[in-house]
Amino acid sequence: MAHAFRLGTASVLALLLAVPVPAQDRAVTYTVYGTPGLLEMPSALSADEGEIAGTLGYFGGQLRNSFTFQITPRLSGTFRYSGIQGFGGSGGTLWDRSFDLRYRFNDEGVYVPMVAVGLQDFLGTGIYSGEYVVATKTVGDAVRVTAGLGWGRFGSHNGIDNPLGILDDRFETRPDPFGPGDQGGTPGVDTFFRGDVAFFGGVEWAPNEKWILKAEYSSDDAYLDTNGDPLFDYNSPLNFGVTWRPTPGIQLGLGYLYGSQLSFTGTITVNPNDRIFWSGLDPAPQPVAVRADALRAAQSWDRTELPEAAVRDRLALALRTEGVELDSVELTDRSARVRYTNTRYRTEAQAMGRVARILTQELPPSIEQLTLEPQQAGVPLSSVTFARSDIEAFENEVGGSAASLAQAQFGDAAGAEAGLVGVPPARDRFSWGIRPYLGLQVFDPGDPLQLSLGAEVSASYRIQPNLILSGSVRQRLLTTSESEANEVKPDYELPRVRTNAGAYADAADHPVINDLTLAWYGRPGRNLYSRITVGYLETMYGGVSTEVLWKPVESRLGVGLEVNYVKQREFDQLLDFRDYDVVTGHLSAYYNFGNGFHGEVDAGRYLAGDWGATFALDREFENGWRVGGYFTLTDVPFEDFGEGSFDKGIRLTIPVDYIFGQPTRREVNSTLRSLTRDGGARLEVEGRLYDIVRGGHYSDLEDSWGRFWR
Amino acid sequence: MGAVLEMMRTFFLGAALLSLAACSQGTGPGDAGTGDVAVPSAESRALGIVGQVRTVFGGIGSDDAVRAPRSVPGGFTPEAIAAEPAAYRLVQINALGVQEPARVIQENGPEVTLALQSGPTAAYDGGVLVATRGFGDDLITMDSAGVLQALRSGGGTVTRRMETLDPQDQVLTDSFACTIAPAGAETVNLGIRQASLQRFDENCRSAGLIFDNIYWLDDSGSIVASRQYVSPTVAYLRSNRL
């Protein structure tokens, strides 16, 4: 068995006796650049699909924070934020962002190595930019050999003429990707695979499952500052190191690079495909009650014996045990329709399964047709109809999940209020909370990591289920931000719509109003959803935000229109506004491609009055994880935008039920922008419609239908 | 008078059963080793830490989620068990350190769902385990077809399908080749009485998993006690009638 934990690609398939099947460990370790590979040099290896790796690497005055995501089994992407001491020659540290992509062409065969091509730092300022083609082969079950050809940085030691020169003379010279006045951040396509090419390679040896020894020949000797002086003593192209994996998910590395420098790496990996708490620590559901055949044939029920009000009360009470708030009920002799809000389960499919079971327990036996209408923010999202006999037949049956989905009828729930009888709400209209918050502002060149910690008091009052007054007040307790970086900056070619974040942070030494809004949600028509939000919408803007969304229940496509009039808030984040106001809004298209990919395009006018579009692609896992990237192009010229040329970044959503195992609808969201600038900046409003609506629609229900009978 | 005595007897035995549940170190008969299983105390400690972290980050305040306590009708008092012993079972899961009474909360013909005193449920079809919920690593669904016939006809082979949820909540179906064979008569401790029962062993294997179930049948061919596979973490669930 031990061999299976080493480098072996030949799998040892064991018959497992009551032991979970671990994802096969191929000992993928990360470089100082945070990519799968040797020490500095990449290998052709891919991590397991879905693996997210955060790496902190340091050597020779270079600190590299990297985030690598294995997007598909063969494609991976890396976002990196690096500090290079003394790069400007004056002793100062240059902070630099970079993006990589790597694609692996094939799986390793018995004799054929795997081969990958990679682009490093293809979007940043180009300091780390280089391209490579690399092959990796496992030998035996503990040794792996890598050899590659590199361009750019990877072609800077013992480079030879570019063999691609045969195709075109222009491949023989590599233009400087970062000319004077260039703000960086655009793809350096015209430099790809140009200039000298050099060989690199190395060997990894895993004597056991916890240790991996590495030796490499590096083709990179481009560690020079802007004056062309070396950043450290370069004595040798040979690098040596060791990686220790004390426990799955953690890697610590130590190396000796270029004959003079010690290197340190620490990597934490997490994979949404490895669930900690199996399929969740959810409480057991009520079982289905199956009606006797004689009762099933009944055509009506005796309302003197069992009044409708009693049925409604019993349903409301039973549903509360499942975290479901009953809104209203329609009962006939043969059918029941319930409208409810799921407050507990991440997926509406699971809540639906629980509601359906309870309906079989509580409804009179003559009722055969069950219609479930999940709602959120007080608006119904869809109408899903089951035959009660199917629910009775499919519980605890192999194939029951697929069959219950196939038999269900999906439709819109708009405008079907007639017949519904309301039930008193199960929750208090008023709710409140005090929580710690962590503010994170990164990538400001003057102060790359600003942390603030404080307390947030939030409260909400539901005037109607779809009319909600809510707000939060924050008091900062600790901050790492330095005041001199936070002075109010004057306008330039663009109004300062986002880059005065420091002034907001500086003024926030007293309790501030984080947000205070009145939001109204509605269903203006079939397939249509609406929202109007008024108030202090976010920390920097207040005003009116309006939105309409078209999204048929069974469509993969949604189209939204958002129009906002907002005014910039005063730096003290109390009630006052500054002079700047703007009409901003977007026409948005959302599309679920299936296979776990989701795309979004938002075209319109941004906060600085600039016109353009944001393109986003997310890898969405059915268990709630999302990892995505986006970029925004507007009519602001790249030179006016400033460093980075245009807005781009990555975003991550982690469902809290994944972390703790207990069912909850909460999730943790984080967006890493390459740099917050004023061009392409969008208003942040709570409760945008698509995220509220999609959970009750067919695509999302189908993705998570395995939880219906969970 | 005899009926009253019988009531009294079951009452005290019900009380004994509850005290059994309180101290869960005992092992019942027929518990073959379950192989590698989770260490419950370490696991519960880890869950405790998770709970604390959750409290810190969750903060304090009113909860916006709807909730209401669940209760098992009838409950688990000695009086309740004594009044209706046929509605109760004794359940034991060594891997989780569970030994407690369970009550029948739903009967749909031959399909019976038990709720353990601590909350999880287990559904049996004619005594053959078909699903569990509330244990975390649950048995999502398993076929029961053919097992009872094989038991009643003295053994045989059955193909059984098992559904699991993968980490992305997709339903996976595994097929098991199961061989059921008689293993003679045994005296089985049912917690409050001993019974002489016919033992049958079921060996099931798929490409990646092997498990061994045990069924004890009375003279009428009903399953009175069993030890059946749930999942890698829960391993085997033993249950018997009183």
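Here is the naming used below: chain letters follow the sequence lines, and residue numbers restart at 1 for every chain.
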Study note, to complete from the structure: Residue set satisfying salt bridge (charged side-chain N to carboxylate O under 4.0 Å, His left out) with A/E622, at least two apart, ordered chain then number -> none
Check your understanding: Tell me, do A/R346 and B/D169 make a side-chain contact under 4.5 Å, heavy atoms counted?
Key -> yes
Review point. Which of residues 127-135 of chain B get closer than 4.5 angstrom to chain A, counting heavy atoms alone?
Key: B/V130, B/A131, B/R133, B/G134
Point to revise | Options A/S704, A/G399, A/A289, A/G280, ranked by heavy-atom pairs under 4.5 Å with chain B, top entry | key: A/A289
Exercise for review: Examine whether an atom of B/E111 lies under 4.5 Å from a heavy atom of chain A, and if so say whether it belongs to the side chain, the backbone or both; otherwise answer neither.
Suggested key: side chain
Practice item. Can you tell which part of A/V457 gets under 4.5 Å to a heavy atom of chain B, answering side chain, backbone, both or neither? Key: neither
Practice item. Kindly check if the number of other-residue, nucleotide or ligand heavy atoms within 6.0 Å of CD (A/Q475) is above 12? Key: yes
Practice item. Mind ranking B/L116, B/I105, B/D137 by heavy-atom pairs under 4.5 Å with chain A and telling me who comes out on top? Key: B/D137
Check your understanding: Between B/Q170 and A/G706, is there a donor-acceptor pair closer than 3.5 Å when you use the side chain of the first and the backbone of the second?
Key -> no
Practice item. May I ask you to check whether over 12 heavy atoms, not counting those of A/N595, lie within 6.0 Å of atom CG? Key: no
Review point. Looking at A/Q286, A/Q361, A/R357, which one forms a side chain to side chain donor-acceptor pair (under 3.5 Å) with B/Q106?
Key: A/Q361
**Study point:** Distance-minimising heavy-atom pair for B/L165 and A/S279
**Key:** CD1-CB, 4.0 Å
Practice item. Examine whether an atom of A/N342 lies under 4.5 Å from a heavy atom of chain B, and if so say whether it belongs to the side chain, the backbone or both; otherwise answer neither. Key: neither
Review point. Non-hydrogen atoms of chain B under 4.5 Å away: do they reach the side chain of A/N396, the backbone, both or neither?
Key: both
Exercise for review: Pick whichever of B/T164, B/D138, B/D125 has the most heavy-atom pairs under 4.5 Å with chain A.
Suggested key: B/D138
Practice item. Looking only at non-hydrogen atoms, find the nearest pair between A/V324 and B/V66 and report the distance. Key: O-CG1, 4.0 Å
Revision key, fill the gap. All heavy atoms of A/V398 vs all of B/D143, minimum pair found to be CG2-OD1, 3.5 Å
Check your understanding: What is the minimum heavy-atom distance between A/T321 and B/P69, and which atoms define it?
Key -> CG2-O, 3.5 Å
Exercise for review: Would you mind checking which part of B/T121 comes under 4.5 Å of any heavy atom in chain A, side chain (CB onward), backbone (N, CA, C, O), both or neither?
Suggested key: both
**Study point:** Non-hydrogen atoms of A/N623 and B/Q168 that approach each other most closely
**Key:** N-OE1, 3.0 Å
Check your understanding: Looking only at heavy atoms, which two atoms of B/R70 and A/A284 are closest? And how far apart?
Key -> NH1-O, 2.8 Å
Exercise for review: Could you look at B/D166 and say if it's the side chain, the backbone, both or neither that has a heavy atom under 4.5 Å from chain A?
Suggested key: backbone
Check your understanding: Do A/T343 and B/R67 have side-chain heavy atoms sitting under 4.5 Å apart?
Key -> no
Point to revise | Side-chain (B/N108) to main-chain (A/V288) donor-acceptor, under 3.5 angstrom | key: yes
Check your understanding: Do A/W278 and B/T233 come within less than 4.5 Å of each other through their side chains, counting heavy atoms only?
Key -> yes
Exercise for review: Using non-hydrogen atoms and a 4.5 Å limit, figure out which bit of A/R665 sits close to chain B: side chain, backbone, both or neither.
Suggested key: neither
